[in-house]
Amino acid sequence: MSTASADVRGALADAPSAPLSREFFARPTEIVARELLGAWLLRTTDDGLCGGRIVEAEAYGGPEDLASHARAGRTRRTTPMFGPVGHAYVYLIYGMHECLNVVAFRGREAGAVLIRAIEPLLGVDQIRRRRARPNDPDWRLCSGPARVSQGLAIDRSLDGHDLTAGEGLWLAATTPAPPDHEVAVGTRVGVEYAGDWAAQHWRYWLAGHPSVSRRR
DNA sequence: CGAATGATACCCT
DNA sequence: GGGTATCATTCGG
C-alpha cells in the first residue's frame, strides 16, 4: 500500500481502495470504459494530492477502429496503445491540449479509454489554480478531456506511465459502482470522419451529472 | 464563431 | 525528404 493511497483513505470517508489492478484493464475497452465510471482518478504533485471521480469515458479500439489513433497501426505516438494494459497514453491535440487515456485490451492488438471528464473532489483549490478559467464552478473545472489534464497537471511526461503502481497518477475503485440505470451510452465525440465506426456506442457517462462535457 | 498552435500522417517528388 | 491538411479541444468575442 503506497503512502499516497493511505492519504486518500484518510482524506475521505467514502474511501477509494488500492490502485486498480492489471486484471481490471485486461478486458475489452468498452467494458473498461463503463467500469471506470465512478472510479477515482488520483494525482500527486509537488502541490500535494488531488483528484476526483470519473463521470465520462470513451472506448477506442485497435487498427480496425477508424476512430482510433491506432487506425494507422503502431507509430511513435501510439506505441503505448499497443503496450501493456493499465498504462497511460497521453497525446497532444490541436497543438495545445493534452488528453489522458488508459490502455486496455482490445482484440489482442491495441486499445485505450479516453477519460473525458471527472468531478473534482480532492485538492479542488490546486486544480482551480492550474485551469485557464479559475472562476468556473467546481463541477466545470474538469468537464472535458483537456480540462482533466490541465487541472490534474497531466502531460506527455506521463505517456506510458504505469497506472497500477499507485504513484504519481493512478485509479481507484469506488463501492458501490454506479448501477446501469445511472449510466448513459452514446456515440463518441468528434469522430464523424470515422464512417461506420462513428456510430459505435462507446461513450459512457453518468446520466445528468453536471461535470459531463457538453458540445458548444 | 473562429483563432490558437504543433505533432502527426500521408502524399508527393 | 519535404510540403501540408488534419486533429478524440478549449476559450474569448
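Within every chain, numbering begins at 1; the chains are lettered A, B, ... in the order of the sequence lines, protein sequences first and strands thereafter.
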- Item | Euclidean distance, atom OH of residue A/Tyr193 to atom P of C/dC7 [Å, nearest integer] | 7 Å
- Message: Does C/dT9 have OP1 or OP2 under 4.0 Å away from a side-chain N or O of A/Arg116?
- Response: yes
- Message: Taking side chain to side chain contact (heavy atoms under 4.5 Å, CB included) as the definition, give me every residue that meets it alongside A/Arg71, ordered by chain and number, with sequence neighbours left out.
- Response: A/His69, A/Tyr193
- Could you check how far CZ of A/Arg140 sits from C1' of C/dG12, rounded to whole Å? 14 Å
- Message: Taking the P atom in each of B/dA3 and C/dA5, what is the distance between them to the nearest angstrom?
- Response: 16 Å
- Determine which pairs satisfy ring-ring contact (aromatic ring centres under 6.0 Å, His included) with at least one residue from residues 95-140 of chain A, sequence neighbours left out, and list them in order. none
- Counting only non-hydrogen atoms, which of residues 194-208 of chain A are less than 4.0 Å from DNA chain C? none
- Does one side chain, of A/Gln150 or A/Arg131, offer a donor that lies under 3.5 Å from an acceptor on the other? yes
- Message: In whole Å, I'd like the distance from the CZ atom of A/Arg147 to the C1' atom of C/dC11.
- Response: 8 Å
- Distance in angstrom units between A/Asp136 CG and C/dT10 P, rounded: 12 Å
Got a list of protein N/O to nucleotides 7-11 of chain B N/O distances below 3.5 Å?
unit_1 : atom_1 : unit_2  : atom_2 : d
B/dA9  : OP1    : A/Thr75 : OG1    : 2.7

- Message: I need the OH-C1' distance between A/Tyr94 and B/dA4, as an integer number of Å.
- Response: 12 Å
- Note on the structure: Closest non-hydrogen atoms of A/Asp159 and A/Tyr89, given as atom of the first, atom of the second and distance, are OD1-CA, 3.4 Å
- Task: Using whole Å, report how far CD of A/Glu192 lies from C1' of C/dT9.
- Result: 13 Å
- Message: Just verifying a value: how many Å separate A/Cys142 SG and A/Arg116 CZ, rounded to the nearest 0.5 Å?
- Response: 13.5 Å
Grab the N/O contacts between the protein and nucleotides 3-5 of chain C below 3.5 Å, and write none if there aren't any.
none

- dist A/Ile118:CD1 -> A/Cys50:SG (nearest 0.5 Å) comes out at 7.5 Å
- Task: Quickly, which of A/Leu114, A/Val191, A/Ile115 forms a side-chain contact (heavy atoms from CB on, under 4.5 Å) with A/Glu58? Name it, please.
- Result: A/Leu114
- Message: Rounded to the nearest 0.5 Å, what separates atom CG in A/Asp65 from atom CD in A/Glu109?
- Response: 12.0 Å
- Taken to the nearest whole Å, CG/A/Leu141 to P/C/dT10 is 13 Å
- Note on the structure: Output for pair (A/Ile127 CD1, A/Leu152 CG), nearest 0.5 Å, gives 5.0 Å
- Task: Give a yes/no answer on whether the side chain of A/Tyr89 brings an N or O atom under 4.0 Å of OP1 or OP2 in C/dA8.
- Result: no
- Query: What do the steps show when you test A/Asp47 against A/Arg129 for salt bridge (Lys or Arg N to Asp or Glu O under 4.0 Å), and what is the final call?
  - Reply: CA-CA 11 Å; A/Asp47 293 330; A/Arg129 283 195 297 273; 5.2 Å; no
- A/Met96 side chain: which of B/dT5, C/dC11, C/dT9 is closest? B/dT5
- Under 3.5 Å for both distances, Watson-Crick or G-U wobble, that's the pair rule; now give the dot-bracket for DNA chain B, with | marking pairs to another strand and [ ] for crossing ones. ||||.|||||||.
- Task: In whole angstrom, give the distance that lies between atom OH of A/Tyr91 and atom C1' of B/dG6.
- Result: 15 Å
- Item | Pairwise distance CG(A/Leu206) to CZ(A/Arg53) - rounded to 0.5 angstrom | 7.5 Å
- Item | Heavy-atom closest contact (A/Arg34 atom, A/Pro179 atom, distance) | NH2-C, 3.8 Å
- Message: Within this structure, what is the OG-CZ distance for the pair A/Ser149 and A/Arg130, rounded to the nearest 0.5 Å?
- Response: 11.5 Å
- Task: Step by step, work out the side chain to side chain contact (heavy atoms under 4.5 Å, CB included) result for A/Arg203 and A/Val212.
- Result: CA-CA 11 Å; A/Arg203 175 180 177 229; A/Val212 173; 3.7 Å; yes
